[in-house]
2 protein chains.
Amino acid sequence: MADPNQRIDSIIKKLKESSHKLTPQRLAVVKILAHSQGHPNVEQIYEQIKSDFPTMSLATVYRNVMLLKSLGEILELGFPDGSNRYDGNKPYPHPHVICIKCKKVIDPDLDSLKDMTSEIAAETGFKIVTHRLDFFGFCQDCMNQ
Amino acid sequence: MADPNQRIDSIIKKLKESSHKLTPQRLAVVKILAHSQGHPNVEQIYEQIKSDFPTMSLATVYRNVMLLKSLGEILELGFPDGSNRYDGNKPYPHPHVICIKCKKVIDPDLDSLKDMTSEIAAETGFKIVTHRLDFFGFCQDCMNQ
DNA sequence: GAAATAAATGATAATGATTATCATTTAAAT
DNA sequence: ATTTAAATGATAATCATTATCATTTATTTC
Ligand SMILES: [Mn+2]
Ligand SMILES: [Mn+2]
Ligand SMILES: [Zn+2]
Ligand SMILES: [Zn+2]
C-alpha cells in the first residue's frame, strides 16, 4: 500500500488548497483513513477516534468523510443495504472482493480489467466517467468454519 | 430480449412451485417486470399499476418485488443513494451502463468479462458467488444538450 | 498577542426509502 | 360452500444519513 504519511500530507495539502480548516477532529479522520487497510465504515472511524477524543460527534465524521470524498481523496463504496465503506488509500475506481459473511473487503489485482471501459464506450456511445466492480463470495477464513 | 410471455409463464410456474398464491396485484407486478426494458424502480411499477388498479398499495409492490427477487426471478440493482432498479428479463448478474444525468440503465454486451470471476477466485482464494459491474457516464441523448 | 470572522463542531431534529405490524380480504384446497 | 393460510391495504416504525442551529475555534489581519 501507499505510505500513510505520504497520504496524510497529500490530503492536508488538498485541504489547504481548497481553504478548509485543519481541525484536530478532521486530522483524526484523515489519519485513520490514510492508515486503514480494511475499508472502514463511518461508525468504525467514529469508534476509533472516540477512544482518545471523547467529545467527537458522529456528525463530524460524516461531514469530514463527505468532504474528503468531494475532494477526491477517498473512495466511497456504497452498498444496497445502506452500508458504506471507505478506501483512503486508492481514491480511484478499482475492483473489490467482499466476503458475504464477515464483510471483509479487499483490493485484488485484476489484469483483465484493462480495456473494458473503452469497449463499453465504443459499444454504447456513452462517455464513461467512472465504474464499479464488486465480487461477492466467502473468504477462506469463513469457509474454514 | 426474452419474450415477455415466456418470462411471465416461467415466473408463474416458479410461484406455483413455491406455493405462492397468484393474486391480481402480484400478476400485475410480474407482467410489468417481464415487459420492462428500462430497469424500472418500485415507484414506477406502482404508478403503472395504479392507473388501472386504483386500490394497489405501495407496500404490496415492495412485497412482491422482494418475493420475486428471493425466488431469483428478477435482478435488483441497488445504488448507494438508496435507489433500486429491477431487471425482470435477466435475473443473473450482468454489467450495466448508467447515465448519471437521466438515470437511464441499459444492458451492454461485454465480451471481455468472461474469465474475470475465476481470475479473482484464483488470486484471492474467495469462493465467488456473484458480482456487480456498473459503468457510469453520460448517454448520447444527454450529451447532445 | 488580541480582535475579527468565516468555518467547523456537537447535539439533536428531520428525512425518506424501506420494513414491520395488524386488521381485513381473498386464493385455492377440500 | 367452507375452511384456512397467505396476501393485501393502510399506516407506523426503522435507521442510516442529512439538515439545522447555537456555540466554539482555526486562521487572518492588525
Ligand atoms: Mn479498495
Ligand atoms: Mn439489466
Ligand atoms: Zn469472511
Ligand atoms: Zn442520459
Side-chain angles (χ1 to χ4, degrees), chain A residues 11-33 39-71 73-74 76-86 103, chain B residues 11-33 39-71 73-74 76-86 103:
Chain A
I11 294 174
I12 289 177
K13 192 178 158 208
K14 202 64 155 295
L15 284 168
K16 300 224 156 153
E17 281 170 8
S18 51
S19 39
H20 288 278
K21 293 182 181 176
L22 194 60
T23 63
Q25 294 92 331
R26 179 162 289 164
L27 186 58
V29 172
V30 168
K31 279 184 177 171
I32 286 179
L33 283 165
H39 303 82
N41 61 24
V42 165
E43 200 68 38
Q44 290 168 332
I45 297 169
Y46 176 58
E47 290 303 329
Q48 275 194 61
I49 297 180
K50 238 191 355 185
S51 53
D52 52 13
F53 214 124
T55 83
M56 186 68 166
S57 166
L58 182 57
T60 296
V61 180
Y62 272 105
R63 273 188 291 242
N64 280 298
V65 164
M66 219 183 325
L67 173 63
L68 294 172
K69 180 187 155 199
S70 77
L71 292 176
E73 289 297 322
I74 63 175
E76 180 181 68
L77 292 180
F79 294 96
D81 68 355
S83 62
N84 285 307
R85 306 281 291 261
Y86 296 90
K103 309 299 178 191
Chain B
I11 294 175
I12 290 177
K13 194 178 157 211
K14 199 67 155 297
L15 284 167
K16 300 224 154 153
E17 282 170 4
S18 50
S19 38
H20 288 278
K21 294 181 178 175
L22 195 60
T23 64
Q25 294 92 331
R26 178 161 291 164
L27 185 60
V29 172
V30 169
K31 279 184 177 170
I32 285 179
L33 282 165
H39 303 83
N41 63 23
V42 164
E43 201 67 36
Q44 289 168 331
I45 298 170
Y46 175 58
E47 290 304 330
Q48 273 195 62
I49 297 180
K50 239 190 354 187
S51 53
D52 51 13
F53 213 124
T55 84
M56 187 66 166
S57 166
L58 182 57
T60 296
V61 180
Y62 271 106
R63 272 188 292 244
N64 280 299
V65 164
M66 218 184 327
L67 174 63
L68 295 172
K69 180 187 153 198
S70 75
L71 292 175
E73 289 298 323
I74 63 176
E76 181 182 68
L77 293 181
F79 294 96
D81 68 356
S83 63
N84 285 306
R85 306 281 292 260
Y86 296 91
K103 309 299 178 191

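Residue numbers start from 1 in every chain, and the chains themselves are labelled A, B, ... in the order their sequence lines are given, proteins ahead of strands. This structure is a prediction, so every number in the text was calculated from the model and none was measured.
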[N] phosphate, OP1 or OP2, under 4.0 Å from [X] side-chain N/O:
X	N	answer
Arg63(B)	dT19(C)	no
Asn64(A)	dT9(C)	yes
Arg26(A)	dA26(D)	no
His20(B)	dA6(D)	no

Working for side-chain contact (heavy atoms from CB on, under 4.5 Å), residues Asn84(B) and Val42(B): CA-CA 7 Å; Asn84(B) 285 306; Val42(B) 164; 5.8 Å; no
Selection from dA19(D), dA10(D), dA17(C) that lies nearest to any side-chain heavy atom of Ser57(B): dA10(D)
Among dT8(D), dA26(D), dT12(C), the nucleotide that comes nearest once only the side chain of Lys21(A) is considered: dA26(D)
What is the separation between atom [atom1] on [X] and atom [atom2] on [N], rounded to the nearest whole Å?
X	N	atom1	atom2	value
Tyr46(A)	dC15(D)	OH	P	17 Å
Lys16(A)	dA7(C)	NZ	P	17 Å
Tyr62(A)	dA14(C)	OH	P	19 Å
Asn84(A)	dC15(D)	CG	P	17 Å
Glu76(B)	dT19(C)	CD	C1'	13 Å
Gln25(B)	dG9(D)	CD	C1'	9 Å
Phe79(A)	dC15(D)	CZ	P	20 Å
Leu27(B)	dT26(C)	CG	P	17 Å

Glu43(A)/Val61(A) under side-chain contact (heavy atoms from CB on, under 4.5 Å): CA gap, chis, key distance, verdict: CA-CA 8 Å; Glu43(A) 200 68 38; Val61(A) 180; over 6 Å; no
Whichever of Thr23(B) and Ala59(B) has its nearest DNA chain C nucleotide further upstream toward 5': Ala59(B)
Given DNA chain C, 5'-ward residue of the pair Gly82(B) and Leu22(B), judged by closest heavy atom: Gly82(B)
Would you classify [X] as touching base, sugar-phosphate or nothing, given that sugar-phosphate means primed atoms plus P, OP1 and OP2, and contacts are heavy atoms under 4.0 Å?
X	answer
Leu58(A)	nothing
Thr55(A)	sugar-phosphate
Pro24(A)	sugar-phosphate

Minimum heavy-atom distance between [X] and [Y], given as atom pair plus value:
X	Y	answer
Leu33(A)	Tyr86(A)	CD2-CB, 3.9 Å
Tyr46(A)	Met56(A)	CE1-O, 3.4 Å
Ile32(A)	Ile45(A)	CD1-O, 3.8 Å

